[in-house]
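Throughout, residue positions are numbered sequentially from 1 according to the sequence presented.
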Amino acid sequence: MRKLDESLLSHLAPFAGLTRDEIREILDQASTQRFNAGESIFDEGAVAERFFLLLDGYVRVVRITDGGDHVTVLHIPSGQLFGIASALGHTNYPATSIAVSESITLAWPMRLWSDFEARYEGFSTATQRAVGKRMTDMHDRFVEMATQQVEQRVANALLRLINQMGRKTDQGIEVDFPITRQDLSQMTGTTLHTVSRLLSAWEKSGIVESRRKHIVVSRPQELVLKGKPGAQH
């Protein structure tokens, strides 16, 4: 771990307020792990033995309903902590985390969480903000599921993805990791057929471009209109 320079992490929120010596102390207690796309990092219900920082890649957080359906709760981009069950008052992981693309993580024993929060003020502040934002995002998702029409939910899900994890291309803004129509259906609580129908209609209108595991939003402003109440279906 000493080969990983402290400066590589100093710009990340959990470490931004720490000295190089403090970052070194934290890094010396971490282990690195690499996960292939589609590989589970930890499963819902498992004992929360470790927490993670995503160095590179993307992670999808999934809940499983009583009926066995998979619901995508959120996506984690690189530079963020995840698997932080202790911060949420859990001893078991409340959801499953899956690598969307090849991903590299740092991992620490969960027993160190309270020690890090107590010893490193910058770490504690950053994690509290991260937890608050994540809870707000999840609350917004639940409100959308309860109050919005399907087209609004799908439009807003795509807008979130390109805002948080978008990459500019000549064609528009591309979701910067492999995503399928099935993934979108799990994110929005709708069927694969409905998502396919909407994307096909938006492709004909020039709003999006969709090909195997890649989605590009060509006209974001029109997608914004689709996500507003009263949008035409």
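Between D183 and R60 there is a salt bridge, with a side-chain nitrogen of the basic residue lying less than 4.0 Å from a carboxylate oxygen of the acidic one. The pair E22-R119 does not meet the salt-bridge criterion, since no charged nitrogen lies less than 4.0 angstrom from a carboxylate oxygen. Between R153 and E144 there is no salt bridge, since no side-chain nitrogen of the basic residue lies less than 4.0 Å from a carboxylate oxygen of the acidic one.
Between the side chain of E209 and the backbone N or O of V217, no donor-acceptor pair lies under 3.5 Å. Distance alone, capped at 3.5 Å, places no donor-acceptor pair between the S205 side chain and the W202 backbone.
By the side-chain hydrogen bond (donor to acceptor under 3.5 Å, both in side chains) test, S7 is found to be paired with D5, residues two or more places apart in sequence or in another chain being considered. Taking E117 as the reference, nothing meets the salt bridge (Lys or Arg N to Asp or Glu O under 4.0 Å) condition, with sequence neighbours excluded.
Atom CD1 in I76 sits 12.5 Å away from atom CD1 in I98 (nearest 0.5 Å). The line from CG of D137 to CD of Q164 is 6.0 Å long, rounded to the nearest 0.5 Å. Within the model, atoms CZ of R50 and CZ of R111 stand 12.5 Å from one another, a figure rounded to the nearest 0.5 Å. A distance of 12.5 Å separates OG1 in T127 from CD in Q80, rounded to the nearest 0.5 Å.
D28 has its side chain out of reach of E25: every pair of non-hydrogen atoms, C-beta onward, lies at least 4.5 Å apart. Side-chain contact between S218 and I207 is absent, with no heavy-atom pair separated by less than 4.5 Å. Within the 4.5 Å cutoff, the side chain of L9 has heavy atoms near those of the L55 side chain. Taking 4.5 Å as the limit, every side-chain heavy atom of Q152 sits out of range of all side-chain heavy atoms of K226.
Taking both residues in full, the closest heavy atoms of Y93 and V47 are given as CE1-O, 3.5 Å, listed atom of the first, atom of the second, then distance.
Side-chain atoms of E174 and H214 form a donor-acceptor pair, as typed in the model, at a separation below 3.5 Å.
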List the steps, then state whether salt bridge (Lys or Arg N to Asp or Glu O under 4.0 Å) holds for E203 with R181.
CA-CA 13 Å; E203 282 187 82; R181 296 184 176 195; 3.1 Å; yes
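Under the 6.0 Å cut-off for aromatic ring centres, F82 and F51 do not qualify, their centroids lying 6.0 Å or more apart.
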